[in-house]
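To keep things clear, I will list the structure first and then write my remarks on it.
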Protein chains: 2
Amino acid sequence: MNSNPRLNAILIKIKKMGYSLTPQRLEIIKIISESKSHPSATDVYNKVKELYPMVSLNTIYKNLSMLASLHEVKEIKTMQDSVRYDGDISLHGHAICEKCGKIIDVEIDEFDFKGFFETKIKNKLDENYRIRNYGVEFYGLCGGCGKEDSPSKT
Amino acid sequence: MNSNPRLNAILIKIKKMGYSLTPQRLEIIKIISESKSHPSATDVYNKVKELYPMVSLNTIYKNLSMLASLHEVKEIKTMQDSVRYDGDISLHGHAICEKCGKIIDVEIDEFDFKGFFETKIKNKLDENYRIRNYGVEFYGLCGGCGKEDSPSKT
DNA sequence: TTATTATATAATAATAAATATTATATAAAA
DNA sequence: TTTTATATAATATTTATTATTATATAATAA
């Protein structure tokens, strides 16, 4: 097919679920599966427009929501602005800069997290609680933005 | 002063920062420091209105944002709707029901989290990265909402 | 005390992200 | 070809949040 395993996985899921693969949809999936920058819906929109100038923002939202409901993209809620989308659904967290909005992936060791989750979280919840998704975020100032601040005096 | 340590802590911070303590502000602080339900701005608005019917929603937002900037309340971004506010700033996570919106506190062991954070997160980021806040969320269906679903066949 | 200044609030307007609606286009099935 | 379903485009709507402006309240200075 192609050399992007995430793209392939999403295409297989799309097919399996019986959704049709339109050119716009394929382009959206390509963008989100290749991007490392956690784009917003508008970012994706602007990229898709390069190839399909008539595409509407609604189409972007519909497709990204659909992919999220399929758990093939992850929605990241930031503190200041719009939802950001992540085509990488592997276990990881995010460090979000509150100034420039940049989102950096934060590696999380699977063994550590599983242990943390299984022993510390799961048994604290009602046994009927069904967890479908998680989010681990750290908010602050990235290296670049932090430097511009006045240095702390204390 | 009174028997609510969170309320006291916030009042002291308010005074220390030189902000005046208006009746509306006091009421907002009381509500958020006593609530366990992670209310939205509108929820707080409706409660404050019981005592001050003329209060405006803007006043609620202004005060909650101010408290958030003082790190005396925590903003919780949910997947579906508006921002929720938490007067409990101690270390803990949240289990958020995607159906009814209910947010349950999830205890996190401080030692475990510190270890997880110090050894696994901190050294993965640029040394200049300044983390100011964190969020650990689990999204899913709470006990009540999960039961109403059709049971899985597989 | 009165005048001045700053801050908080109330009422309203504006913004912007996200969703809903409707009509058209495309594809699949009969 | 006709019918049906789905996806898209264009537009309108909703709603949370923020901005603006004017008023009210409190603090301070004269």
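Predicted model only: the values in this text are computed from it and were never measured. In what follows, chains carry the letters A, B, and so on, assigned in the order in which the sequence lines appear, proteins first and then strands, with residues in each chain numbered from 1.
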Short side-chain N/O contact from [X] to OP1 or OP2 of [N], under 4.0 Å:
X	N	result
B:R25	C:dT7	no
A:S82	C:dA16	no
B:T59	C:dA10	yes
A:Q24	C:dT26	no
B:S56	C:dT9	no
A:T22	D:dT8	yes
A:Y61	C:dT19	no

Counting only Watson-Crick pairs (N1-N3 plus N6-O4 or O6-N4) and G-U wobbles (N1-O2, O6-N3), all under 3.5 Å, who is the partner of C:dA20?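 For C:dA20, the partner nucleotide comes out as D:dT11, under the 3.5 Å rule.
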Is the backbone N or O of B:K30 less than 3.5 Å from a side-chain atom of B:S33, with the two atoms forming a donor-acceptor pair by type?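 Judged by distance alone, yes, a pair lies under 3.5 Å.
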Options [options], nucleotide nearest the side-chain atoms of [X]:
X	options	answer
B:Y19	D:dT20, D:dT8, C:dA8	C:dA8
B:M54	D:dA7, C:dA11, D:dT20	C:dA11
B:L57	C:dT21, D:dA19, D:dT17	D:dT17

Where do B:Y52 and B:E27 come nearest, in terms of heavy atoms and distance?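 Minimum heavy-atom separation between B:Y52 and B:E27: CE1-CB, 3.9 Å.
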Assign A:N63 to base, sugar-phosphate, or nothing according to its heavy-atom contacts below 4.0 angstrom with the strands shown.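 Sugar-phosphate contact only.
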A:S56 and A:N58 side chains, donor-acceptor separation under 3.5 Å: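 There is no such pair between these side chains.
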Among A:E75, A:K36, A:H94, whose side-chain contact (heavy atoms from CB on, under 4.5 Å) with A:D86 holds?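 For A:D86, the side-chain contact (heavy atoms from CB on, under 4.5 Å) check succeeds only for A:H94.
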